[in-house]
Amino acid sequence: MLGMKDDDWKGILNQCDNGIVLFDDACNITFTNCRFSTYPAYVQQKLLKKYACKNALLEPPGCVSGYMISYEKVAQGYALIVKQDDEHHTHSDAVLSTMLANIKEGSNIYQATVEAIHRALGWRWVLVTRFLPEGVETLAYWNGDGIDENFSFELAGTPCEAMIANERYTLFTDVAKAFPQDTDLQEMGAKTYAGLIYRDSNQKPIGHIMAMHDALGVDYHYAEDVITLSSLALSANLLLADAQSELRNVEEEARTDSLTNLYNRKMFDEHCLLAGENYTQKGQDSCLVLIDLNRFKQYNDEYGHQEGDVLLQLLATELNKIGRDSDLAYRIGGDEFTIILSNSSPSIVPRVNSKFETAWRRLSLITSNHIQGSIGYAFLDECHGDIETWIRLADERMYAQKRSLNQCAE
């Protein structure tokens with residue numbers, strides 16, 4: 001590259017189909033081309049760790065994780081040349097494709113992992129586990145011809161213990177000889193072992209993947225990459241599952257009242273519209289029940305807002321018992337609640353009133369105070385399916401009862 005400007009020779013190297021890394025005489029990286037940057041991060045790290053030293057020049061060319069390696073002495077350093085093994089690349093892609101296809105079809109992610117590894121390597125036993133405070137529990141177990149029952153085992157004295165201690169890919173080419181005290185391995189007839197941990201979204205080891213075979217003369221060429229790829233895919237899917245779970249939690253929080261865990265005003269408005277559609281399209285009548293605690297402000301002033309919040313939470317628990325399983329309760333204001341009794345008729349009102357009387361008595365006993373609420377009922381049919389009229393009618397009837405109770409109290 002003598003006589004050439006930096007931009008010129010870098011441009012040429014960036015056009016190469018092979019990955020190229022340049023080191024200076026002190027083994028510092030001076031350049032990596034575009035092709036090398038496309039390789040998986042764990043492959044880049046492995047190659048740089050192995051070949052960032054002058055001793056690499058003394059080793060013959062070889063293969064690492066499916067990449068053919070060679071190196072050349074250049075002016076003021078040396079060059080690492082990395083060629084991807086197309087057969088290996090196809091093989092690894094097949095593992096990932098199998099896993100993703102099985103997961104997409106609804107298969108258990110752990111079972112999809114062990115099946116993909118078995119198909120790729122042909123090894124007899126493949127396991128995905130999770131770590132327990134004491135020992136290990138299998139989450140999926142491929143035993144010869146298919147998925148077998150899960151089981152638990154202790155780590156002490158096993159190749160898994162050695163692999164976990166290393167926290168990196170571990171291979172035993174004669175596992176029975178390396179662990180003669182492991183009677184389970186002896187009984188199984190396991191000869192070959194390969195394993196690697198997988199991690200959660202916080203990079204904490206939560207389990208491991210291992211594969212074993214009953215023969216010594218197996219091809220180790222793809223084992224490390226297949227298991228590493230499976231570990232990365234499994235960790236990525238668990239991370240995605242965590243993200244989706246968090247998203248569902250956020251969505252649920254947007255639908256519910258934070259104090260009572262009842263549905264909030266937003267969901268009440270949506271379900272009112274749904275009730276209106278069911279009335280118009282299916283002729284299903286629904287009853288709207290509006291509830292307001294009597295003298296709640298005085299209760300707050302006398303006992304404090306914390307006790308007031310407790311009362312609201314207790315009332316929410318009672319409201320969930322008022323209707324049927326299909327009936328939903330909502331908190332739509334400070335001490336204002338509502339229930340939609342779907343697909344109901346006026347005959348339901350006496351039964352619901354009876355349940356409310358029981359609820360008031362129970363709340364009074366729990367709080368050692370007289371707890372009472374005002375209730376208003378309205379049916380969609382008497383409002384000809386108009387939602388605004390439905391809500392207004394229930395509200396008017398609720399306040400009419402409140403006025404009546406206040407007059408009686410006076």
Side-chain angles (χ1 to χ4, degrees), residues 255-257 259-280 282-297 299 308-309 311-364 366-367 370-409:
R255 294 154 54 95
T256 57
D257 172 62
L259 177 65
T260 63
N261 287 325
L262 296 179
Y263 283 119
N264 58 20
R265 181 60 190 250
K266 178 177 181 295
M267 291 306 298
F268 169 69
D269 292 339
E270 290 183 13
H271 290 166
C272 282
L273 294 176
L274 181 60
E277 291 175 3
N278 288 335
Y279 176 81
T280 302
K282 303 177 183 178
Q284 292 182 356
D285 198 5
S286 292
C287 178
L288 180 62
V289 188
L290 288 184
I291 308 104
D292 185 88
L293 278 173
N294 293 343
R295 297 186 172 87
F296 181 67
K297 183 179 182 303
Y299 188 95
D309 287 347
L311 176 57
L312 295 178
Q313 290 169 334
L314 291 170
L315 175 57
T317 301
E318 294 293 335
L319 294 182
N320 278 325
K321 303 174 185 175
I322 296 292
R324 303 154 297 183
D325 290 342
S326 59
D327 298 325
L328 302 177
Y330 312 79
R331 183 188 181 199
I332 57 174
D335 62 328
E336 292 182 313
F337 297 82
T338 182
I339 302 173
I340 297 178
L341 304 173
S342 58
N343 196 19
S344 57
S345 64
S347 63
I348 200 172
V349 173
R351 296 199 299 274
V352 173
N353 266 333
S354 176
K355 289 184 177 182
F356 269 115
E357 289 304 318
T358 300
W360 302 138
R361 286 196 300 270
R362 195 152 41 216
L363 290 174
S364 297
I366 293 172
T367 62
H370 178 64
I371 304 299
Q372 188 70 36
S374 301
I375 307 168
Y377 297 89
F379 284 85
L380 262 176
D381 192 49
E382 60 183 326
C383 304
H384 307 291
D386 185 77
I387 299 301
E388 290 185 7
T389 303
W390 189 39
I391 296 173
R392 184 172 64 252
L393 182 60
D395 189 61
E396 290 172 354
R397 289 172 176 173
M398 183 266 292
Y399 276 104
Q401 187 184 75
K402 183 181 285 289
R403 287 192 296 271
S404 177
L405 288 173
N406 288 337
Q407 290 172 359
C408 291

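Every value quoted in this text rests on a predicted model; they were computed, and no experiment measured them.
A heavy-atom distance below 4.5 Å is not found between the side chains of Phe379 and Leu393. Looking at Ile366 and Arg362, their side chains come closer than 4.5 Å, going by heavy atoms from C-beta outward. Considering only heavy atoms from C-beta on, Glu388 stays 4.5 Å or farther from Cys383 through its side chain. Taking the side chain as every heavy atom from C-beta outward, Ile371 and Phe296 never approach each other to under 4.5 Å. Put simply, the side chain of Tyr299 reaches to within 4.5 Å of the side chain of Thr367, judged on heavy atoms. Between Asp327 and Leu341 there is a side-chain heavy-atom pair separated by less than 4.5 Å.
Arg397 places no side-chain N or O within 3.5 Å of a backbone atom of Leu290 that could act as its donor or acceptor partner. Counting only distance, with no hydrogens or angles, the side chain of Thr338 and the backbone of Val289 share a donor-acceptor pair below 3.5 Å. Using modelled atom types, no side-chain atom of Asn353 and backbone atom of Phe356 make a donor-acceptor pair closer than 3.5 Å. Gln401 places a side-chain N or O within 3.5 Å of a backbone atom of Ile375 that can act as its donor or acceptor partner. A distance-only check finds no donor-acceptor pair linking the side chain of Asp257 to the backbone of Arg331 [under 3.5 Å]. In this structure a side-chain-to-backbone donor-acceptor pair under 3.5 Å is missing from Ser354 to Pro350.
Of the inter-residue distances, the one linking Phe268 atom CZ with Leu288 atom CG reads 5.0 Å to the nearest 0.5 angstrom. Rounded to the nearest 0.5 angstrom, Ile291 CD1 and Ser374 OG are separated by 10.5 Å. Distance check: Asn343 CG to Leu380 CG gives 11.5 Å after rounding to the nearest 0.5 Å.
Taking the six-membered ring where the residue is Trp, Tyr263 and His271 present perpendicular rings, their angle passing 60° and hence far from 30°.
Side-chain polar atoms of Thr256 and Asn261 form no donor-acceptor pair below 3.5 angstrom.
For Lys297, the NZ atom sits in a loose shell: 12 or fewer heavy atoms of surrounding residues, nucleotides or ligands are nearer than 6.0 Å.
With respect to Asp395 and Arg392, no salt bridge is recorded, no charged nitrogen being found less than 4.0 Å from a carboxylate O.
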